[in-house]
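Below you'll find the structure, written out as structure tokens, and then a few comments.
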Amino acid sequence: MSYTLPHRNRRLRASSPNRGLQRETRLHPDQLIYPMFLCTGQQEQQKIDSLPGQYRWSIDLLPEICAENFKKGVRSINLFGNSSEKTPTGEGALDPDGLVPSAIRQLKQLLPDLNIQTDLALDPYTDHGHDGILMNGHVDNDATVEILQRMALIHAQAGVDWVAPSDMMDGRVGAIRHFLDINGHTKVCILAYTAKYASCFYGPFRGALDTAALSGGLSDKKTYQMDPANRREALREARYDIQEAADAIMVKPASHYLDVVMALKQNFDLPVAAYQVSGEFAMMHAAAEKGWIDLEKAMEESLLCIARAGADMILTYFAPQMAERLQNGPLS
Ligand code: PBG
């Protein structure tokens with residue numbers, strides 16, 4: 001070359017410590033929330049075919065696995081309900097002795113420091129698979145919100161730390177906040193699924209919960225979950241959720257919606273969460289199984305990029321594995 005280059009950006013990339021020095025985003029196990037599934041019975045650890053390495057746990061086994069993960073640094077979990085008795089109005093969601101409230105009580109007794117979140121939605125309990133009550137072929141907003149309020153209270157009475165409404169009904173954050181507060185549960189946080197998109201990437205999850213195939217005149221969830229084409233609408237959803245006193249706002253799925261994560265981070269001052277959903281997880285596993293990508297690297301890169309976009313907390317099925325990875329020294 002006939003001239004001296006004035007800038008050599010590669011100097012800072014030349015060694016692992018230099019890359020570490022200029023790294024703009026770091027992951028820590030504190031950011032990770034582990035979604036977990038439940039089943040009835042004793043000593044049951046049921047493999048979930050659509051989510052490699054994930055299980056449905058019977059309640060008696062839950063404390064042990066959570067304690068193991070806690071040691072790795074995973075201090076927060078998100079519990080999903082399940083019920084074999086599905087009904088049109090999802091009464092199973094309101095059983096104080098159902099799987100979720102029982103699991104919360106058991107965990108709080110044995111692992112009081114574990115941070116427990118629960119998913120609030122009716123789809124594990126309805127026979128039509130929707131996240132709400134169907135009336136004349138549409139999901140009735142206000143009737144559904146009333147049930148979610150009662151569901152939140154039952155979880156609060158069992159000792160939950162956070163409730164996470166994932167249903168996308170209008171006004172549910174404020175309604176739940178009000179109902180919890182008048183019943184003395186001012187300390188329970190609300191993680192609002194603020195921008196939950198009508199996504200095909202939830203496919204493997206529906207297998208995990210055995211949710212009913214969608215029926216009842218609606219073939220999808222597009223009348224309540226958001227259109228993947230929209231970002232400004234997410235800002236509007238966030239504004240309402242924040243007015244209704246959400247404690248954190250979430251974008252879901254994560255990887256295909258990083259612009260939305262960033263928009264929420266830049267426009268609001270609440271913690272932002274992102275959910276790396278079942279389809280994102282399953283795709284990486286499937287490609288790795290074929291030998292097309294390295295699973296551990298895909299895990300690291302995908303989670304790092306979700307954090308780079310602005311997520312303060314990340315729900316991910318990789319939580320225990322990523323926490324373990326972070327204990328084993330710096331990323332390269
Ligand atoms: C339902 C709910 C879904 C997920 C979390 N809560 C599925 C849906 O909306 O149909 C998806 C999670 C995942 O795919 O990992 N309320």
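FYI, the numbering just counts along the sequence from 1. As the structure is a computational prediction, the values presented were derived from the model and not from experiment. One-based numbering, in listed order, for ligands and for the atoms of each.
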Has Arg56 got more than 12 heavy atoms of other residues, nucleotides or ligands less than 6.0 Å from its CZ?
yes
Arg19 CZ: over 12 foreign heavy atoms closer than 6.0 Å:
yes
Does Asp119 come within less than 4.0 Å of ligand 1, judged by its heavy atoms?
yes
Polar contacts were defined as any N/O atom of the residue lying under 3.5 Å from an N/O atom of the ligand; does this apply to Ser278 and ligand 1?
yes
Among protein heavy atoms, which lies nearest atom 1 (C) of ligand 1, and at what distance?
Asp123 OD2, 2.9 Å
Ligand 1 atoms nearer than 4.0 angstrom to some heavy atom of Tyr317 are 12 (C), 13 (C), 15 (O)
re atom 2 (C) of ligand 1, the protein heavy-atom contact at minimum distance is Lys196 NZ, 3.2 Å
Leu110 side, atom CG; Cys66 side, atom SG - distance, nearest 0.5 Å
10.5 Å
Flag if over 12 foreign heavy atoms under 6.0 Å of CD, Gln22:
yes
Ignoring hydrogens, just give me the one of Glu280, Lys252, Arg206 whose non-hydrogen atom is nearest atom 10 (O) of ligand 1.
Arg206
Within 4.0 Å of some non-hydrogen atom of Tyr275, the atoms of ligand 1 are 12 (C), 15 (O)
Quick one: which ligand 1 atoms are inside 4.0 Å of a heavy atom on Asp131?
1 (C), 16 (N)
When the aromatic ring centroids of Phe37 and Tyr55 are compared, is their separation below 6.0 Å?
no
Region of Phe80 engaging ligand 1 - heavy atom pairs below 4.0 Å
side chain
Is atom CD of Gln243 surrounded by more than 12 heavy atoms (other residues, nucleotides or ligands) closer than 6.0 Å?
yes
Note the single closest protein heavy atom to atom 3 (C) of ligand 1, along with its residue, its atom name and the distance in Å.
Phe205 CE2, 3.3 Å
Validate the cation-pi geometry between Lys252 and Tyr202: distance from NZ or CZ to the six-membered ring centre under 6.0 Å, angle to the ring axis within 45°.
yes
How does Val277 reach ligand 1, if at all, at less than 4.0 Å between non-hydrogen atoms: by side chain, backbone, both, or neither?
both
Considering residues, nucleotides and ligands other than Glu301, do more than 12 of their heavy atoms fall under 6.0 Å from its CD?
no
Which of Gln276, Met299, Met322 passes side chain to side chain contact (heavy atoms under 4.5 Å, CB included) with Thr316? Answer is Gln276
Taking only heavy atoms of Lys221, which atoms of ligand 1 are found under 4.0 Å from at least one of them?
8 (C), 9 (O), 10 (O)
Which atoms of ligand 1 sit under 4.0 Å from any heavy atom of Ala121?
16 (N)
